[in-house]
Every structure is written in C-alpha cells, then in structure tokens.
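Structure record follows, encoded as structure tokens.
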Protein chains: 2
Amino acid sequence: MVTMQDVAKAAGVSTMTVSNVLNHYPHVRDETRDRVLRAIDDLGYRVNVAARNLRAGRTNTIGFAVPEVDRPYFGQLASRIIARASAAGYRVVIEQTGADRENELSAIVSSRNRMYDALILSAVGLGTADRELLRVDFPMVILGETVFEGPVDHIALPNVEGTFAATRHLIARGSRRIAIVEGNDSLPPNVSSLRHGGYIRALRESGVEFDPALSIGIPELTLAGGRSAAERLVDSGTAFDGIVCITDTVALGVMRGLADRGVRVPEDVRVIGFDAIEEGEYSIPRLSTVDPDHDEVAALAVDLVLRRIAGDTEWQPREFVSSFRVVARESTA
Amino acid sequence: MVTMQDVAKAAGVSTMTVSNVLNHYPHVRDETRDRVLRAIDDLGYRVNVAARNLRAGRTNTIGFAVPEVDRPYFGQLASRIIARASAAGYRVVIEQTGADRENELSAIVSSRNRMYDALILSAVGLGTADRELLRVDFPMVILGETVFEGPVDHIALPNVEGTFAATRHLIARGSRRIAIVEGNDSLPPNVSSLRHGGYIRALRESGVEFDPALSIGIPELTLAGGRSAAERLVDSGTAFDGIVCITDTVALGVMRGLADRGVRVPEDVRVIGFDAIEEGEYSIPRLSTVDPDHDEVAALAVDLVLRRIAGDTEWQPREFVSSFRVVARESTA
DNA sequence: TTCGGACTCTTTATCGATACAGTCAGGTGT
DNA sequence: ACACCTGACTGTATCGATAAAGAGTCCGAA
C-alpha cells in the first residue's frame, strides 16, 4: 500500500509536509505543495482513514440505529439524515436493531467503542427502565418513540396530540364507532400506549364511548400486521365506521384487509394513519394521516449531535416535540 | 479514556494478555482471565475500534452504495444485505449516491481509503465507459443495473428475460396495445434500455405491433414519475390496454394516475411491474410483478465479497444473473 | 535424568497519520 | 547591532491495539 512516507520520499519532503498539504495548512510554499500533489497523484496515494481516526480520535461517522431500514418510515428518515449529515462531511452507518432491546444496547456499545462520533437512536425496545444505560459520554439523540426524561437529548413525535387530532378528525367526518390498531408488545410508556392515550382522550372529549372490542393489538407494525388486524376486526362482527392506525404502513395493510373483506374505504369505514410516508399519497384510496414534519426531526437530530461533537459542553439534555398537521385525503373523505 | 494499558495495569498483566482475553485466545489461565475481565468491568473498558482497524488492516465493514435508501427496492435489498453481513460479523455502511456518477465514484474512493473491506455498489450512474475505474484492489460487487463485462463481479437482474416474460404475460391475458413506462436519462446500455429490449422482443415474437406512442419515458423512477406517465398516456388519447412498468414503484404510481383518470385496473388496463417489493402485495389492486429473487441477490453479493475478503485470490470476475418468476396478481387478472 | 512440547505470559515492533516542539533563514523594529 | 518575529519546514513521540517471537514452567515419555 502507498503510505504518506512513500509520498514524502517521492516529493523530497517530510511526512509532516504531506500531511500539511492534505489538511490545507496554509504555510506551505506553492512550489512544495505542487510537488507533493504531483507525488500523490503519481503514486495513487490515499489517506488511510483508520490511521487518521486513531490519531485524531474522531471517525467522522454518525451511527443511526433503526428497527428496520425497509420500513418506509425509517427509510425516509434515514435518507434525510444521511443527506444532512453528509452535507456536513459526516458519513452515516445504519444499524438495524429489529426493535430488539439487546440490539439497541449494542448500538450504544458500538459508539462507546469510538466507532461513531455520535449516535442517533430510534429506540423502540428500550424502555424507561433503561434510562441509566443512556448516560453516555458521547453525543446521542433518541428519536421518536418512547418517552425518556433521560440524560440525553430526545426528539419526540407528537404521539398523544397527533393521535388525538386524528381521532377528532374521524369524529368530525362523522365516524362514531372508531377502532384503533396498535402494537401490543412492550411495557408502557411506548408509542402504542401514548397514541392510545390520544385516541381515548379524543373519544372522551367528544362524548364518544370507548369499546374495548375496537382495540386491536398486533405484534408487528407491518403491512401484514395491518391486514390481519382488519380481517380480525371485520370477522369479529363488531360494528365500526372508522379506524385509527398507529402507523401509515399499518394503515395501508388495514385498507388491503378491508378490501379483501369487501369493506369500502371511505364509504363504509374511514381510515387514518400516522407518519405521512410517501406511499400514502399514492395509495388507492389516498391515505389521510398525521404528518409530524420529518424534515424538522431529521435536521434537528443531526444538528444536535453535530453541535455536541463540535464541543458545545454547556448543552443540557432537552426534550423536543416535533410539530405536526393532519393531512386529510380520500381515506377519510 | 480507558485503554488496554489501564486494564493491564489494574489486572497486573501485560496488555498482550488483555488482548488475548478479549480475542478468546485459548491459552489463558482461568484465574488470569477472570482478573482481566474484572478489571475490564471495573474500569468500563471498551476496545478502540480505530486502533484495532489500523493494526489489523481491516475494518469489518462493508460499504453498500445505493441511489436512495428510501426507495423500497433498495431499502429491502439493504435490509437483506445488512442481515446477512451482520451474521458474519460485518457492519454495513450505506452511502447514498442519488444515482449520480460522481457520488458512485466517490463511494469507490472511500473504499480505496480502506474505510470498507469491500464495496457492494448498486450502480446506476456509472456506464460502460467507466469500466476502467472499476479495476480496484479490494473486493467489489456491482449490483443489478447496467451491464459491465468489467473487471469486477457483477450480479445482474434478469432485465431482458424478466421484461420479456412480463410482456408475454400481458399478451397471454389478452392485452394487445401494451405501453411501457421507463427511464429516459442515461446512455444505453442501462436498466431501461435492457428492459425495453425484452418488451420489444416479446411484442415481436407474439406478432404484436410496437407503437412508439406507447413508450413513455420519465426522468425519475418514482411514484410521482409513474403517476405523471399514466396521466400523459391517458391524456394523449392513444388507446392502450396494458402497461409494462420498469419498476414496482413506478407501477404503483401508474395505478394511482390511472385511478385519477377513471381508468380501471385490471378491467380497462392490465399493469405489471418489476422488483416484487412488498408494497405490491398490499396495494389495491395487488400488483403483478417480476420477482428477481432478492434473497438470492443479497446472499450472493455478501458471500462473494466475504469470500474475496477471506483471501480467495483465485477468483475470476464473473457475471451472475438472478433467477426470476412472474408473480400474477390482481392487476393483470 | 533429560528432552520435547504444551501452557501461560511478556517483550518488542509496528500499523499510518498527526500534534507538538524545534530548527533555520530571512525579515522588522529600535 | 541585537532581540524578536514569522514562514516554511523537519524530527519524534504518540494514538491503542495486535502479530510474532521469546521466555519461563511444568509434565510425561524415552
């Protein structure tokens, strides 16, 4: 492999001068700089990032841990985060956790190993009980899901308020028997329990009765999960005319399941999701949803960790909540 | 920061013994191992990956360069690749190239910088002309798109054959005026030109006339692109009863555009896509498609680079073509 | 008794880049 | 004429881990 030494020898300078040229140190004579650059070119030299990382104590890499990249919500978030980070000269490593607590912790460990300068963690499996494990000595931002009040920055989605608004939207459109399709896995507080809370509050404030038979839990927030929830709901015989879905992906699955059972959306049942993934704009019918402003979330997450990397030590851990708006489309027309 | 030296001192051994414990070197006395482990625990020591990478000359990281992670096709491919690579102890860094030639080249440069032990590149912007730039000294696999015959391993999708089969499928179901929605950006050979070839051949072999007015080019293979293509097609007034779409994502957009114009699928027009993304199983109507066996592609890609990393120097660059099958669903019923 | 070998641990050199201190020539100010 | 500074470099130690080689110890077989 071609090293800096080789370049230095070829250019007749010290390795330090090569390093200075590469790092745009100003006090290098033009003639020397040219000679070094020519040698670099001739030999096809490339810096060895591992060596630079070791010496500099930084990796210029941000970790982003998500349950699954192939879920549109996370894919679209990842895309935004990558775009913003790479504009600032940072690479992004995506770790897939499968929403598993152990894997989420192992992403944190990776960062402790100095693999990443910072970690953005979309935590699902971690609970309030793990709060102490989050007391880390590198910049970290927790995204979205569970509430923490922990020792790190946390960007929350408007879970309660968003679902509250979504449920109110269905009520305003005329639905009275409103079901909710949500996750059933971990201990509260989590996304499902929070959004459930918003749903219940909206029903109560509108004087609509809550029927436990209309609450459907699914193990995974996927298309398949949504479809089977819809089938169970229809097959149960319980009457319903609206469904609040915990995510858009689930909602798309729900609409498919309703279609399979001959239930029309929105004529028989109104459906609303949460997340505003792009697919919802193109589904048939188009999906109404809660749009939590992902651009804001991604930008804030990246900016927060970059500021901490830059050495903003004054920073106190804070809790942010993204703004949102209800997007009314065909599925609740 | 706690280093190996600190642990060694605390445990009263040399750093090499600490290293041996960490790397499961068998010939360490139990008592010594325990002492070291206790010291590691007490001090909260973590290996420094940068140092290990430098010394070992490996990073245990594979780069995966894709146009966009948020396109379902790439997200689902990435997920499979990550899963398989991490089973072998490798991390995956995703680089987003935006299908841009410069960015694809810069992914190659990153690997030259020894950031990745290998690179899996979903090349779209690179063309046959860039063949020489692919002559690299690290394991690399090119995925999917353009044909190369270059100096690296290449896993191609069954572009011609798959589209041929898709078109024949439409013909078998009764379509005769078959449109194609494809990309219009770069120079052939590329995905679009190859798939176009399969389409033309199927028409010819079936004695169906090709009408250039039924060939719609779009700048980006997105949902929005598909929708606008469908609108243009309907608005042009040309009669058609089938559409071959270059990807499933485009097909979903096309179906939305047709619905907006009051055209029914499959009653008025049959639609088939390519890729077998999960969303197509849940769309309304369900999308028929060409399924190129992504599991096979992902597994092959990872296994190829791992074998090369492991030092299989005998390896000759090869061209693979994934197997495929036509999945008939509601959109061509 | 002696020798080879398996264990258990240590010493030393090294991966490639960079921080830091230092050298040296040539100018500036007084 | 002397101290002092600046620009343009160089030499060396160092980041933290590991490969390779070596040095004792202990045991069983010849």
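Letters A, B, ... are given to chains in the order of the sequence lines, protein chains preceding strands, and every chain is numbered from 1. Values below: all heavy atoms of this structure, side chains included; hydrogens, waters and symmetry mates excluded.
Of the possible polar contacts, one joining the B:R35 side chain to the B:A11 backbone as a donor-acceptor pair under 3.5 Å is found.
Partners of B:R84 under the salt bridge (charged side-chain N to carboxylate O under 4.0 Å, His left out) rule, at least two apart in sequence or in another chain, are B:D303. Qualifying side chain to side chain contact (heavy atoms under 4.5 Å, CB included) partners for B:E278, counting only residues two or more places apart in sequence or in other chains: A:L223, B:Q76, B:E281, B:Y282. With sequence neighbours excluded, the residues forming a side chain to side chain contact (heavy atoms under 4.5 Å, CB included) with A:A10 are A:A39, A:L43, listed by chain and number. Looking at residues two or more places apart in sequence or on another chain, you find a ring-ring contact (aromatic ring centres under 6.0 Å, His included) between B:Y25 and B:H27. Listed by chain and number, the residues in a side chain to side chain contact (heavy atoms under 4.5 Å, CB included) with A:A88 are A:Y90, A:L306 (sequence neighbours excluded). The side chain to side chain contact (heavy atoms under 4.5 Å, CB included) search around A:L221 returns A:I218, A:I246, A:T247, A:V250, not counting sequence neighbours.
When rounded to the nearest whole Å, the span between CD of B:E31 and C1' of C:dC9 equals 13 Å. The CG-C1' distance, from B:D30 to C:dC7, rounds to 12 Å in whole Å. Straight-line distance from the CE atom of B:M4 to the C1' atom of C:dT10: 14 Å, rounded to whole Å.
Taking every heavy atom of residues 33-44 of chain B and every atom of DNA chain D, no pair lies under 4.0 Å. Less than 4.0 Å separates DNA chain D from at least one heavy atom of each of the following residues of residues 52-62 of chain A: A:L54, A:R55. For DNA chain C, the neighbouring residues in residues 14-25 of chain A, judged by any heavy atom under 4.0 Å, are A:T15, A:M16, A:S19, A:N23.
Counting heavy atoms from C-beta on, the side chains of B:V92 and A:I94 never come closer than 4.5 Å.
Between B:V93 and A:R91, the shortest heavy-atom contact is CG1-CD, 4.5 Å.
For A:Q5, the listed nucleotide lying nearest its side chain is C:dA17; candidates were C:dT10, C:dA17, C:dT8.
Residue pairs satisfying the side chain to side chain donor-acceptor pair (under 3.5 Å) criterion with at least one member in residues 38-59 of chain A, sequence neighbours excluded, are listed as follows: A:T59-A:D117. Listed by first and then second residue, the side chain to side chain donor-acceptor pair (under 3.5 Å) pairs involving residues 5-20 of chain B are B:S14-B:T17, B:S19-B:N23 (not counting sequence neighbours).
Shown here is A:E220, whose CD atom has no more than 12 heavy atoms of other residues, nucleotides or ligands within 6.0 Å.
Extent of DNA chain D lying under 4.0 Å from chain A heavy atoms, first and last nucleotide in 5' to 3' order, is D:dG7 to D:dG16.
The CD1 atom of B:I82 sits 9.0 Å away from atom CG of A:D70, with the distance rounded to the nearest 0.5 Å.
Summary of the strand contacts: B:P26 and A:M1 both lie near DNA chain C, and taking for each the nucleotide with the nearest heavy atom, the more 5' one is attributed to B:P26.
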